[in-house]
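Heads up: the structure comes next, in structure tokens.
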There are 2 protein chains.
Amino acid sequence: MATAELAVTISDAEWRVMRIVWTLKETDSRTIIDLLEQQHDWKPATIKTLIGRLVKKGALATTKQGRQFIYTPLIPEQAAMDTALTNEISQMCAMHRGTAIAHVLEDTEMSRADVQNLIDVLAKKLPTAPESVHCDCLPDGCEGSCAE
Amino acid sequence: MATAELAVTISDAEWRVMRIVWTLKETDSRTIIDLLEQQHDWKPATIKTLIGRLVKKGALATTKQGRQFIYTPLIPEQAAMDTALTNEISQMCAMHRGTAIAHVLEDTEMSRADVQNLIDVLAKKLPTAPESVHCDCLPDGCEGSCAE
DNA sequence: AGGTTACGTTTACAGTTGTAAACTCAAGTC
DNA sequence: GACTTGAGTTTACAACTGTAAACGTAACCT
């Protein structure tokens, strides 16, 4: 069953740990602790707990290396990002998602290439985009009169 | 001090309740319970709990109306959506946000008007977009060599 | 070999969340 | 007026989170 396990849930604090490991590709706890102590007011013990939970959750793999472990990501960063964002968006009113994304885009700094890429993605969607997307906050049948 | 209180945190389950109230603008618990029982496998008691928590959190206002209450949103839907999405995005690697957003856009159905609006927003950003945005997963100083 | 380090594990503990039963009381009914 | 009904409140309880101390033990140094 391949890599799978994209169902792993990563909490906010754990996310900080994963970012370190994703960036370094593989590291030991010493490095993770040193780096995170610089970014946060976390005690080493706290960081150890987070690492432990991530291993138990199956988000990090361990490879014994002498007295310690080498940690590597078991789930790909981009997949985790996509899943987290998609979940967040999915729980919102379908009719208002576009506006929310517009606001986020305004506040998010992105490289020119990324901006251009987004424009391309959208341009491709434009022709097939529906005339309107209705509010889906009420059960099927109940017209979500979100208008106005 | 005005409306404020945008700092309120709304959990996933609570979000479902808010969507009902946001859509109806104002309702009683009976309506909320009936609608949510149709969409989920929640018992009335569960929904009552969620409503109670939202009131305590300051997300819903109550107005006594005879034996019961009329509930109205104390925080605007769009603001809640923007905040939730922005928070989610902020916790991710700055360098990879663009790609994540691209993937979400691909999977999100939006009206033609929304798509066009997003294109406009992006077109406006394009000229001032930086050549590149660096990985910010490691503490300042540590070059996040996220490349490749 | 004994002491020191330090890594990973165990235990702790309060707050939030999902889920729900039980209870209190005022309003409506007969 | 007694009885029923239903809205809101209290209590419950396990899992997940944020935060961290304490501990066991293998490796390292002298």
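Letters A, B, ... mirror the listed sequences (proteins, then strands); counts begin at 1.
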Seminar exercise, completed: Quick tally for nucleotides 14-27 of chain D: nucleotides whose base has a protein heavy atom under 4.0 Å get B, sugar-phosphate-only ones S, the rest -, giving ---SBBBB-----S
Can you tell me the distance, in whole Å, between the [atom1] atom of [X] and the [atom2] atom of [N]?
X        : N       : atom1 : atom2 : value
Leu60(A) : dG8(C)  : CG    : C1'   : 14 Å
Gln65(A) : dA6(C)  : CD    : C1'   : 15 Å
Leu54(B) : dG18(C) : CG    : C1'   : 13 Å
Gln68(B) : dG6(D)  : CD    : P     : 11 Å
Ile51(A) : dG8(C)  : CD1   : C1'   : 9 Å
His40(B) : dT19(C) : NE2   : P     : 9 Å
Leu36(B) : dG18(C) : CG    : C1'   : 14 Å

Exercise. Given dA6(C), is OP1 or OP2 found less than 4.0 Å from the side-chain N or O atoms of Ser29(A)?
Worked result: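 Checking Ser29(A) against dA6(C): no side-chain N or O falls below 4.0 Å of OP1 or OP2.
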Exercise. Atom OG of Ser29(B) and atom CG of Leu50(B): how far apart are they, to the nearest 0.5 Å?
Worked result: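 Answer rounded to 0.5 Å: 12.5 Å.
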What residues, two or more places apart in sequence or in another chain, satisfy side chain to side chain contact (heavy atoms under 4.5 Å, CB included) together with [X]?
X        : value
Thr31(B) : Leu24(B), Thr27(B), Asp28(B), Leu35(B)
Glu37(B) : Ile33(B), Asp34(B), Pro44(B), Ile47(B)
Arg16(B) : Arg19(B), Leu36(B), Gln39(B), His40(B), Trp42(B)

For this session: Not counting sequence neighbours, which residues clear salt bridge (charged side-chain N to carboxylate O under 4.0 Å, His left out) with Arg97(A)? List them please.
Result: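 Partners of Arg97(A) under the salt bridge (charged side-chain N to carboxylate O under 4.0 Å, His left out) test: Asp136(A).
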Donor-acceptor contacts, no H, no angles, side chain residues 98-107 of chain B, under 3.5 Å, sequence neighbours left out:
from	atom 1	to	atom 2	distance (Å)
His103(B)	ND1	Asp82(A)	OD1	3.2
His103(B)	ND1	Asp82(A)	OD2	2.4

